[in-house]
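Below: the structure, in structure tokens.
Naming convention: chains lettered A, B, ... in sequence-line order (proteins, then strands); numbering from 1 in each chain.
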Amino acid sequence: MAELVAVAVDPVQGAVTIRSDGDAEHHSAQHHDAQHHDTTSMAHHLGRLDEAGVRWLWWNAATARALVTLGVRPRRCWDLGAVHRMLVGGSSSGPEVVWAHLNGLDPSTIPTIQPVDLFSQSIDAGDPETPVGPDGHVRPEWVEGAWTSSHDRMERWARLLFTLQAAQERELAERAALESTGTMSHVRTTAFAESATEVICAELEHDGLPFDRTVGEKIVAGFVGRRPTSPGDETVLLAALDRAVLAHLPEGSHLDLRSPDQVKSLLRRVGIEVPDTRAWRLEALRDTHPVVDALLEWRRAERIRTTFGYGWIDEHVGADGRLRGRWSGSDGSAGRMTATAGLHNMPSEMRPAIVAEPGHVFVRADLGQIEPRVLAAVSGDLKLAAATHDADMYAPIAERLRVGRDIAKVAVLGAMYGQTTGKGAEALHGLEREYPIAMNHLRRADESAQGGHDLATHGGRRITMSSDHVDGMSSGDVRARAAARGRYGRNAIVQGAAAELFKTWAILVRARIAPLGAGIVLCLHDELVIHAPAACADDVVVLVDASLQEAAARWAPPSEVPVHFLADTSIIGRWSDAK
DNA sequence: TGCGGCTATTG
DNA sequence: CACAATAGCCGCAG
């Protein structure tokens, strides 16, 4: 294994690196004058170490961001925060949380910075030059940035990392011993992938997604008209949009189309009675009255105007023509990546604005039927694994169930989501009959989750059931909430495992394509978008597929009937040119 | 001002 | 219309 080198970076103070033998080295951000500091030599030192093949060890993604900002693109790392979220679940993974967990301290006793008053003077604060206070917790002042105030402090801050990493290794070994997870090798693969994904996130934030502002503004204009020139002008334009709907009603109808209640009474006035005003419900009533059509069109424009309109472009597209959001390597539940700024839910109509830069192309690749294939892998169902040898695995399943392909598909999806009604539920019996191992795997997760027990993915990520995210959303009765927990758990072991495979794939792709001058510019759960010099596009395509096979070999459990994974890959000039 | 509900989009 | 996410606005409580 590569040598672990602890690192802490501050753009002003500089960086400290500590080799595994304990040798510390300080790298100054040389100050040439009071206003500017030169970080290039510091970046050079760090880059040399990186090229030597070390595995960086750091507290959390803040270090990854700092390094990327310096121009260093770390190749290997161990991110304590990312591994902590994998081990513990939840979304908090700051140094104080990681430290408390690995030292067996109650997280509710983590201290926060208190305003200085007469009473706090008497408390024994110990030596403020040490990172750990008398209460055993890391000092909140250090967490908040006091660790950067001197070279000595930075070094003490970085020295804490080694024992914490060792403690995480032990906890990973315990996790690997669980019946539901893979081996230590699988679990460490996940830990590496979770860590490296933080670097990808830092790069996605730094580099952004190529966005053609002119095209983007034209698309917006197609929905909502021209850009308002003043607040007063905006009011006029808004009224015009509203009038297109209200014109279908009797004179003098003034109501707020943004209020579902008022829309309901609007519809009632033309003889339409609906329990809610969702688009799929109104869709069926388009022919009933012209106002329905006008309303649906207004909704579409309103959505663009408020969420993906001029304001969105102004806020998130930089002068360099890159669309940027904040990225998280793993959400609090099953461990998928998340992104802000609409990067994960951009309407397809906006995708023509995602355009490769001159001399470049996008290589876009998405994993085919990733969740059922992952189910076949993690459940060890050999018959389902055999179905993955088909490019469309629903076809052989449909054959076995003696139903249509579409029925087979909704049945499989329904089984993974916990659906109990509709066409999928009818075909469920066939699935139980033909693929009992996979179905039992899902049912065990469902029952365990219903009982409030935490789950673990194949790669060793903890799925917490104690969290209040389930009972918070549906305040129904106890049984309904248990059923919701069951559906959540049933899905989380599949979705979470798919996220692990995806990240393993993504970090291998990143590593392989970097020498070609290509980089990942978007991660979308089962899809990668790569920005590459046009001359090397074909090479990137080959590397993308090779990386998938390698990721599957590292991540998936060994099986007599190997599970096949496949990617649909294309070279395109703009995002909308695919699918 | 904060929060639940409703709505819409994506995988 | 089941699983996950972000994000906007409305209506209501405090």
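- Between the P atom of B/dT7 and the CZ atom of A/R305 lies a distance of 18 Å, rounded to the nearest Å.
- Note: CZ (A/R326) to C1' (C/dA5) measures 17 Å, nearest angstrom.
- For A/H289, there are no ring pair (Phe, Tyr, Trp, His ring centres under 6.0 Å) partners two or more places apart in sequence or in a different chain.
- A salt bridge between A/R512 and A/E550 is present, with a side-chain N of the basic residue lying under 4.0 Å from a carboxylate O of the acidic one.
- Residue A/Y417 has its side chain nearest to C/dA2 when only C/dA2, C/dT6, C/dA4 are considered.
- Nucleic acid contact class of A/R299 (heavy atoms, under 4.0 Å, all strands): sugar-phosphate only.
- Residue A/T340 has its side chain nearest to C/dT6 when only B/dG11, B/dA8, C/dT6 are considered.
- Side-chain proximity of A/R487 to C/dC3, C/dA5, C/dC9: nearest is C/dC3.
- Here A/M346 lies in heavy-atom contact (under 4.0 Å) with sugar-phosphate atoms only.
- The 5' end of DNA chain C is approached more closely, in terms of each residue's nearest nucleotide, by A/V410 than by the other of A/G342 and A/V410.
- Within 4.0 Å of A/T420, counting heavy atoms only, lies no atom of the nucleic acid at all.
- To the nearest angstrom, C1' of C/dA2 lies 10 Å from CG of A/L413.
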Considering only distance and modelled atom types, tabulate donor-acceptor pairs under 3.5 Å from the side chains of residues 401-418 of chain A, sequence neighbours left out.
{"from": "A/R405", "atom 1": "NE", "to": "A/D392", "atom 2": "OD2", "distance (Å)": "2.9"}
{"from": "A/R405", "atom 1": "NH2", "to": "A/D392", "atom 2": "OD1", "distance (Å)": "3.0"}
{"from": "A/R405", "atom 1": "NH2", "to": "A/D392", "atom 2": "OD2", "distance (Å)": "3.4"}

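- Checked against the 6.0 Å centroid criterion, the rings of A/H344 and A/W327 qualify as a close aromatic pair.
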Side-chain donor-acceptor distances from residues 213-223 of chain A under 3.5 Å, at least two apart:
{"from": "A/R213", "atom 1": "NH2", "to": "A/V317", "atom 2": "O", "distance (Å)": "3.1"}
{"from": "A/E217", "atom 1": "OE2", "to": "A/R227", "atom 2": "NH2", "distance (Å)": "2.9"}

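- Atom CH2 in A/W327 sits roughly 12 Å away from atom C1' in C/dA5 (whole-Å rounding).
- Taking atom CE on A/M465 and atom P on C/dA4, their separation rounds to 9 Å, with Å as the unit.
- Using a 4.0 Å heavy-atom cutoff across all strands shown, A/R336 reaches at least one base atom of the nucleic acid.
- In this structure, A/Q369 atom CD and C/dC3 atom P are separated by 22 Å, rounded to whole Å.
- For A/F308, the ring pair (Phe, Tyr, Trp, His ring centres under 6.0 Å) criterion is met by A/W312, not counting sequence neighbours.
- Comparing A/T307 and A/Q419 along DNA chain C, the residue whose closest nucleotide (by nearest heavy atom) sits nearer the 5' end is A/Q419.
- Of the residues in residues 254-282 of chain A, those with a non-hydrogen atom less than 4.0 angstrom from any atom of DNA chain C are A/D256, A/R258, A/S259, A/Q262, A/W280.
- Rounded to a whole Å, the CG atom of A/L528 is 13 Å from the C1' atom of B/dG11.
- Protein atom CG of A/L524 is 14 Å distant from nucleotide atom P of C/dT6, rounded to whole Å.
- Applying the side chain to side chain donor-acceptor pair (under 3.5 Å) test to A/D261 and every residue at least two apart in sequence or in another chain returns nothing.
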